[in-house]
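Single-structure report; data block below.
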Amino acid sequence: MSETPSSAPIVIAGAGIGGLSAALALRKAGHEIVVLERATNLKEVGAGLQLSPNACAVLAQLGLLDALAPKVYAPPNLEIWSGQTGDKISRVELGGFLKTRHGNPFWVVHRADLQNVLLEAASSDDGIRLIVDTTVEDITASPFGGLTCSFHTGGNANSQTCKALIGADGVWSKTRKLVPEHQNARFSGQVAYRATVPIENVPERWHKNSGLWLHKRSHLVHYPIRDGQLLNIVALVEEPWQDETWSAPARQEDLIHNFRHWPSDVRNLLNAPDSWLKWALCSVDASGPWTHGHVALLGDSAHAMLPYMAQGAAMAIEDAAVLAHHLPPNTENIPAALRAYEESRKARVRTVQAQAFRNARTFHMDGILAAARNTVLRLSGAQKLAARFDNIYGWTPPQ
Ligand SMILES: Cc1cc2nc3c(=O)[nH]c(=O)nc-3n(C[C@H](O)[C@H](O)[C@H](O)COP(=O)(O)OP(=O)(O)OC[C@H]3O[C@@H](n4cnc5c(N)ncnc54)[C@H](O)[C@@H]3O)c2cc1C
């Protein structure tokens, strides 16, 4: 293969949270960037995201915390409740405790607000070009030297010389096909119903803290977002998936039926939003290969995980910082640099993915197992429970 011009850009497939973070981190490292996004316009659907201190450490490195701060909410606590009895089981201290412990905040944010901040930063940088309505096809050796990434924009074939292709195109990644022996996405048998509601439309008990409600084969998460103006609600249930697409509008009556044995104020909360969307929860085994030659996967395309640790986007954001660290602009052996990125990420991502799987079982326990779980949670202090996530939240990006 002819030598890739060092001035050639890095192409990133996907302008989601992972792709945009990678664009900013790689640009900061000195690369020219082209981001190819399948959607015609970038609008994140209405739902919330927890941004733990490890994710915020990367956003701080990218200089984005000030832009984000007016749009986020910092919940003081996570309260854990029984969906069976309506009793409070325990409390995990977040807010000031985690900020002091890890040096970066624990925030909750509307996904659209985070994506807008990333997008504004990318759009204001001349070294990052975003092309929408575009899907990546292949990467091949170019007869003119270097590599060529071929893609379709609005149905028209096009190409771009590049020095690497980063597949940040989500759980149903097409770029993954360019990595032989990759792992495929698998449906977990669990479905997430998501909605937001203006905070003034729900009683005050839901306004301040994050909440986690546990019941057999289902659980519920809620927290205020957008500077406390909206309440984000996620209801997770074990049920089959029958729709043709992997996310779809949900029928509120199906959701309410699933929660018919829950306390009445929770059922009232589920009635508050005007509409709900549902997602089939899928994962991609992180142990599969993420790189091949000049192609590397990042975020959900490499390692989509169940949202039970609220770490999928955080891992994509971490990936971006580590990738940029291993790929300075003068890198001569790009495949080796991409392999180094994969090697330095894999163990951590597998640990977090396994923790998310364990939580899936723990959250949905029934009977004596649920009683034992609740006792452990009750006996652990609010700070001790928060410190159990030190291995995740205490991570900081390479400098
Ligand atoms: C219910 C739920 C709750 C969650 N809560 C949290 C949380 O609290 N905290 C957290 O950290 N994570 C959370 N996650 C996980 C998080 O949403 C994902 O891990 C994260 O969005 C992955 O980002 P990504 O950029 O890798 O992929 P995506 O966000 O899926 O972005 C992929 C982008 O690629 C584009 N694309 C797709 N195919 C192509 C193609 N062929 N060519 C070009 N572009 C393409 C898509 O249009 C999209 O813009 C949650 C997930 C769910 C389902």
Side-chain angles (χ1 to χ4, degrees), residues 11-23 34-45 47-56 58-59 78 106-112 114-115 118-119 130-138 149-153 165-178 185 188 190-195 210 212 219-223 225 232-237 246-247 276-284 297-320 349 352-353 356 392-393:
V11 171
I12 298 174
I17 290 162
L20 289 172
S21 301
V34 175
V35 183
L36 305 176
E37 166 57 45
R38 184 182 56 187
T40 317
N41 54 41
L42 280 170
K43 59 174 180 22
E44 262 289 355
V45 285
L49 203 62
Q50 305 182 44
L51 273 181
S52 46
N54 48 316
C56 286
V58 177
L59 299 172
L78 169 71
F106 182 103
W107 282 343
V108 286
V109 64
H110 197 298
R111 296 170 67 93
L114 173 61
Q115 196 176 34
L118 294 168
L119 197 55
L130 173 66
I131 310 176
V132 295
D133 195 13
T134 299
T135 48
V136 172
E137 301 295 326
D138 205 355
C149 176
S150 50
F151 52 92
H152 275 86
T153 301
L165 170 62
I166 309 303
D169 46 347
V171 63
W172 301 110
S173 170
K174 292 270 188 298
T175 319
R176 202 156 54 214
K177 310 265 181 307
L178 303 176
S188 63
Q190 314 212 10
V191 174
Y193 290 73
R194 299 159 107 180
S210 290
L212 168 65
H219 76 279
L220 179 84
V221 175
H222 55 83
Y223 45 82
I225 50 174
N232 179 65
I233 314 171
V234 191
L236 299 106
V237 296
W246 291 103
S247 62
W276 286 83
L277 292 172
K278 61 178 181 175
W279 271 258
L281 296 181
C282 299
S283 62
V284 175
L297 306 177
L298 176 148
D300 274 12
S301 70
H303 49 65
M305 56 185 71
L306 297 180
Y308 293 18
M309 284 298 297
Q311 283 295 313
M315 289 300 117
I317 294 169
E318 287 187 8
D319 284 352
V349 173
V352 176
Q353 195 173 53
I392 295 179
Y393 296 168

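When a ligand or atom number is given, it counts from 1 through the structure's own listing order.
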Restricting to non-hydrogen atoms, name the atom on L130 and the atom on A15 that form the minimum distance, rounded to 0.1 Å. CD1-CB, 3.9 Å
Where the closest heavy atom to atom 43 (C) of ligand 1 is concerned, which of V221, L36, L306 has it? L36
Show the nearest heavy-atom pair for residues G14 and V35, with the distance to one decimal. O-CG1, 3.7 Å
Classify the contact between V136 and ligand 1 as side chain, backbone, both or neither, using a heavy-atom distance cut-off of under 4.0 Å. backbone
Is the closest N or O pair between R111 and ligand 1 shorter than 3.5 Å? yes
Ranking A47, G167, G170 by closest non-hydrogen atom to atom 28 (P) of ligand 1, top hit is G170
Taking only non-hydrogen atoms of A192 and a 4.0 Å limit, the atoms of ligand 1 in range are 1 (C)
Shortest non-hydrogen contact between L297 and S173, atoms and distance: CD2-OG, 4.5 Å
Once the angle between the rings of W276 and Y193 is folded into 0 to 90°, is it parallel (under 30°), tilted (30 to 60°) or perpendicular (over 60°)? perpendicular
Of the choices Q311, Q50, R38, R176, which has the non-hydrogen atom that lies closest to atom 44 (N) of ligand 1? R38
Note: ligand 1 atoms sitting under 4.0 Å from heavy atoms of I17 are 25 (O)
Does the side chain of L51 come within less than 4.5 Å of I317's, by heavy atoms? yes
Just so I know, are the side chains of V284 and D300 near enough to count as touching, which here means a heavy-atom distance under 4.5 Å? no
Polar-atom distance check: T135 versus ligand 1, any N or O pair below 3.5 Å? no
Where G18 and A168 come nearest, the two heavy atoms and their spacing: C-CB, 4.3 Å
Polar-atom distance check: L281 versus ligand 1, any N or O pair below 3.5 Å? no
Kindly confirm or rule out an N or O of A313 lying under 3.5 angstrom from an N or O of ligand 1. yes
Take every heavy atom of M305, measure it against each atom of ligand 1, and state whether any distance is under 4.0 Å. no
Measure from atom 51 (C) of ligand 1 to every heavy atom in A302, A316, P307 and give the option owning the shortest one. P307
Got an N/O contact under 3.5 Å between S301 and ligand 1? no
Of G48, A280, G18, A310, which has the heavy atom at the shortest distance from atom 10 (C) of ligand 1? A310
So, regarding R194 and ligand 1 (criterion: nitrogen or oxygen to nitrogen or oxygen, under 3.5 Å), is there a contact or not? no
Look at atom 32 (C) of ligand 1 and find which of A13, A22, G14, A168 reaches it with the closest heavy atom. A168
Would you say L119 and L20 make side-chain contact, with heavy atoms under 4.5 Å? yes
Are L236 and P307 close enough that some pair of their side-chain heavy atoms sits under 4.5 Å apart? yes
Mark the output for T134 as yes if a heavy-atom distance to ligand 1 is under 4.0 Å, and as no if none is. yes
Flag the pair L281 / Y308 as yes when at least one side-chain heavy-atom distance between them is below 4.5 Å, and no otherwise. yes
